Amino acid sequence: MNLIMFIITMTALISLILAIISFLLPMLKPNNEKLSPFECGFDPLGNARLPFSIRFFLIAILFMLFDLEIALLLPLPWADQLNNPILTIMWTTIIIILLTLGLIYEWLQGGLEWAE
């Protein structure tokens, strides 16, 4: 019980310290860039009808895809205790290989290049 309380206390303390640092650090040297709002890669004070770069949304979709991969792989430590863990390892390997091949394809096609 003592170890559990220590871990909970340390986790809360580290989280609190990091939150305080993240609020205080940007305020040390404020400038126009830090004080201006950020709207998904667009200038919030400009014209709303300007064309936008589709690359920004491609990067966002790729991020969501790999975020979903993490959600799919989270139950793996518990799946190892099933009767047939080889099946779990096989499906995990298939998911990782498919996502890696997709990432390589996007990279080779130039989809991850932010600037032209």
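Count residues from 1 along the sequence. In this text, all values refer to a predicted model and were calculated from it rather than measured experimentally. Heavy-atom basis, side chains included; hydrogens, waters and symmetry copies ignored.
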Rounded to the nearest 0.5 Å, the CD1 atom of Ile8 sits from the CE atom of Met5 at a distance of 6.0 Å

Closest approach of Ile89 to Thr93 (non-hydrogen atoms, all atoms of both residues):
O-OG1, 2.7 Å

Supply the atom-to-atom distance Thr92 OG1 to Ile97 CD1, rounded to the nearest 0.5 angstrom.
11.0 Å

Which distance, rounded to the nearest 0.5 Å, do you find between the CD of Glu106 and the CD1 of Ile104?
12.0 Å

Flag yes if Leu101 and Trp107 sit in one hydrophobic cluster, no otherwise; membership is Ile, Leu, Val, Met, Phe, Trp, Tyr, and two members link when side-chain heavy atoms are under 4.5 Å apart.
no

Under a 4.5 Å side-chain heavy-atom rule over Ile, Leu, Val, Met, Phe, Trp and Tyr, are Trp91 and Leu68 clustered together?
no

Answer yes or no: are there more than 12 heavy-atom neighbours, outside Leu13 itself, under 6.0 Å from its atom CG?
yes

Rounded to the nearest 0.5 Å, how far does CG of Asn2 lie from CD1 of Ile7?
10.5 Å

So, applying side-chain contact (heavy atoms from CB on, under 4.5 Å) with Ile14, which one of Leu18, Leu16, Thr11, Ile17 is it?
Leu18

Which residue is it: Ile95, Ile96, Leu103? I am looking for the one with a side-chain contact (heavy atoms from CB on, under 4.5 Å) to Leu99.
Ile95

